[in-house]
Amino acid sequence: MTRDKAPLRVAGRPVGPRLRAGVPALSRRVTTRLRTELPVYAQLPGEELDGDIADIVQRTLRLFADVIERRRPPDDAELERQRESAGQRAEEGVPLDSILTAYHLGAAMAWEVIAEGAGPGDLTDLQELFALTLDLQRRLTSAVSGAYLDARQVLDAEDHGGRHALLAALLAGEIPPGGRPAGFGMRPAAAYAVLALALGPHPDEDGTGPRAAIAARRKLRRVREVLNAYAGEPALTALDARGGTALLPVPPDAPPQDSGAVEMWPELCATVRQAADAAGAELYAAAEVAAPGGVPEAVARTGEVVALARRTGRPPGLYRLSDVLLEYQLTRPSAALPQLAALLEPLDGRPELLATVEEYVRCGQDRRVAAEALHVHPNTVDYRLRRVAALTGLSAGSASDLAVLRAALVARRV
């Protein structure tokens with residue numbers, strides 16, 4: 001127990017409540033100094049500096065106030081958020097020395113507030129305050145360093161260990177049914193949800209400097225967190241800032257693959273939406289369920305589905321082969337493909353006519369919806385469609401001609 005229950009005071013004022021009341025302003029000053037004095041923090045994305053970093057600064061300053069008011073050091077549980085933050089910075093490649101320097105800078109600025117106005121009569125309280133501050137800084141340094149090094153060890157192990165070997169073997173088609181990758185003991189799942197992902201840039205990924213690189217790593221970390229949560233374990237991923245492949249183990253009690261794909265679809269759609277929100281970027285994805293031996297073909301197919309969804313003007317989201325069957329078939333090698341595309345050559349030089357056909361087809365042949373999307377009167381849509389029929393010989397009002405028009409549009413895009 002401390003020498004008495006009276007609050008620690010400096011210049012006649014209780015220090016703990018004064019420090020706590022000043023946390024918002026002090027955290028802004030600390031964040032500003034991090035940005036101006038530590039180059040790595042200046043290069044962090046603005047979203048991160050004003051979000052995660054500002055949050056951990058505020059939490060740590062409030063922890064200072066807690067320690068002073070209780071006159072005892074924090075327990076391990078109270079340092080958990082600092083550990084989590086250190087692990088996240090490790091994944092983003094922020095150097096450990098910069099992180100520790102940031103904590104020391106924040107402690108120094110907190111001490112300036114604590115000791116403000118101190119006089120000779122405050123010596124006893126200042127001594128205890130200084131001892132509490134040094135002890136807290138020691139505990140923070142130990143917790144942050146340990147969590148950072150643990151995270152780096154896990155990341156290095158993942159890069160060179162079992163999951164990497166398993167993923168490489170699955171992508172290469174080197175696993176026989178019920179088998180394991182050669183030379184490694186990790187058994188594959190009975191089936192995988194194979195995802196192809198195409199990620200757009202985060203707003204902070206502008207340019208090629210360290211700021212953009214950190215924003216890209218941060219984006220990928222958050223996407224992986226969502227995928228891991230879906231799988232209930234670390235997913236097998238080969239991702240960079242533009243996307244890649246993810247293999248999510250199908251639970252052993254899931255239905256057989258054909259029905260399992262249907263059962264899993266709502267959850268996969270929700271996972272892709274969560275990943276897009278977490279990334280803060282546009283995300284196209286395609287998925288299908290495959291046994292280990294079918295992973296290479298599924299990877300190739302889902303990659304094509306993603307590319308087709310993007311090239312044919314569909315919105316971001318999750319797609320399957322059945323969503324782009326016509327487009328997929330039309331991309332197979334065929335002498336008919338260039339001839340289909342050539343059907344629309346009479347519209348070259350008339351972009352308003354081509355855009356009207358595309359919008360009319362996209363809107364399900366609803367002239368009013370198409371007109372609204374094109375910002376024209378419905379009668380204008382009718383006129384343009386008549387011009388298209390006159391130039392191409394294909395009438396959008398004919399079911400058979402409409403099917404040919406749609407196929408020609410797809411062929412022209414691909």
Side-chain angles (χ1 to χ4, degrees), residues 1-34 37-38 41 49-90 94-154:
M1 187 68 181
T2 53
R3 58 185 173 81
D4 57 43
K5 295 183 179 179
L8 293 167
R9 296 174 180 270
V10 170
R13 296 174 294 173
V15 174
R18 179 160 57 89
L19 178 59
R20 187 181 304 281
V23 162
L26 179 57
S27 65
R28 287 193 292 272
R29 297 205 304 274
V30 171
T31 305
T32 297
R33 285 192 62 181
L34 294 180
E37 297 182 21
L38 296 177
Y41 282 88
L49 195 61
D50 298 330
D52 290 357
I53 302 301
D55 176 72
I56 201 64
V57 168
Q58 287 204 36
R59 286 175 181 270
T60 304
L61 291 174
R62 291 194 182 99
L63 184 59
F64 264 84
D66 290 341
V67 166
I68 290 169
E69 289 178 340
R70 295 184 313 221
R71 300 173 75 167
R72 66 167 178 79
D75 57 34
D76 283 345
E78 291 174 290
L79 298 172
E80 185 58 31
R81 186 63 189 92
Q82 283 75 14
R83 292 191 188 92
E84 291 176 1
S85 177
Q88 292 169 356
R89 303 293 84 76
V94 178
L96 178 57
D97 62 325
S98 296
I99 298 171
L100 295 178
T101 300
Y103 274 98
H104 289 305
L105 188 151
M109 294 180 69
W111 178 254
E112 291 174 0
V113 174
I114 290 169
E116 184 180 1
D122 299 315
L123 179 60
T124 301
D125 281 8
L126 279 173
Q127 287 176 326
E128 184 175 345
L129 286 164
F130 190 64
L132 288 169
T133 299
L134 284 180
D135 181 72
L136 176 57
Q137 190 64 8
R138 175 181 64 82
R139 292 171 186 268
L140 282 169
T141 299
S142 176
V144 167
S145 299
Y148 184 97
L149 295 174
D150 286 347
R152 284 306 324 167
Q153 186 176 16
V154 170

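Quick caveat, the model's predicted, so the values are computed rather than measured.
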*Between V94, L38, I56, which is the residue that forms a side chain to side chain contact (heavy atoms under 4.5 Å, CB included) with I99?*
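Testing I99 for a side chain to side chain contact (heavy atoms under 4.5 Å, CB included) against V94, L38, I56 leaves exactly one candidate, V94.
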_Go through it in stages, so that I can follow the logic: the residues are L96 and R152, the test is side-chain contact (heavy atoms from CB on, under 4.5 Å), and I'd like the CA-CA distance, side-chain angles, deciding distance and then a yes or no._
CA-CA 10 Å; L96 178 57; R152 284 306 324 167; over 6 Å; no
If you define the side chain from C-beta out and look only at heavy atoms, does anything of [X] sit under 4.5 Å from [Y]?
X: F64; Y: T60; answer: yes
X: L132; Y: L8; answer: yes
X: W111; Y: L129; answer: yes
X: D66; Y: P74; answer: no

Closest contact, heavy atoms only, [X] versus [Y]:
X: L79; Y: A143; result: CD1-CB, 4.1 Å
X: A11; Y: G117; result: CB-O, 3.3 Å
X: S145; Y: T141; result: OG-O, 2.8 Å
X: A107; Y: Q137; result: CB-OE1, 3.4 Å
X: A90; Y: A151; result: CB-CB, 3.8 Å
X: S98; Y: Y41; result: O-CE1, 3.6 Å

Nearest 0.5 Å please: distance from the [atom1] atom of [X] over to the [atom2] atom of [Y].
X: E116; Y: L19; atom1: CD; atom2: CG; answer: 11.0 Å
X: L63; Y: L136; atom1: CG; atom2: CG; answer: 5.0 Å
X: R72; Y: D135; atom1: CZ; atom2: CG; answer: 11.5 Å
X: R33; Y: L105; atom1: CZ; atom2: CG; answer: 4.5 Å
X: T133; Y: I68; atom1: OG1; atom2: CD1; answer: 5.5 Å

_Contacts of R81 that satisfy side-chain hydrogen bond (donor to acceptor under 3.5 Å, both in side chains) - sequence neighbours left out_ =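 For R81 there are no side-chain hydrogen bond (donor to acceptor under 3.5 Å, both in side chains) partners, ignoring immediate neighbours.
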*Output all residues satisfying side-chain hydrogen bond (donor to acceptor under 3.5 Å, both in side chains) with R13, sequence neighbours left out; order by chain, then residue number.*
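With sequence neighbours excluded, R13 shows a side-chain hydrogen bond (donor to acceptor under 3.5 Å, both in side chains) to no residue whatsoever.
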*Of R70, R139, R83, which is the lone residue that meets salt bridge (Lys or Arg N to Asp or Glu O under 4.0 Å) with E78?*
R70
_For the backbone of R9 and the side chain of D125, can you confirm whether one donor and one acceptor N or O come within less than 3.5 Å of each other?_
yes
*Return yes if some donor-acceptor pair links the side-chain N/O of T32 with the main-chain N/O of R28 below 3.5 Å, else return no.*
yes
*Could you go through the side-chain contact (heavy atoms from CB on, under 4.5 Å) check for M109 and L61 one step at a time?*
CA-CA 10 Å; M109 294 180 69; L61 291 174; over 6 Å; no
*Check step by step if side-chain hydrogen bond (donor to acceptor under 3.5 Å, both in side chains) holds for S142 and R138.*
CA-CA 6 Å; S142 176; R138 175 181 64 82; over 6 Å; no
*Could I get the full list of salt bridge (Lys or Arg N to Asp or Glu O under 4.0 Å) partners for R29, not counting sequence neighbours?*
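With neighbours one apart ignored, the set is empty.
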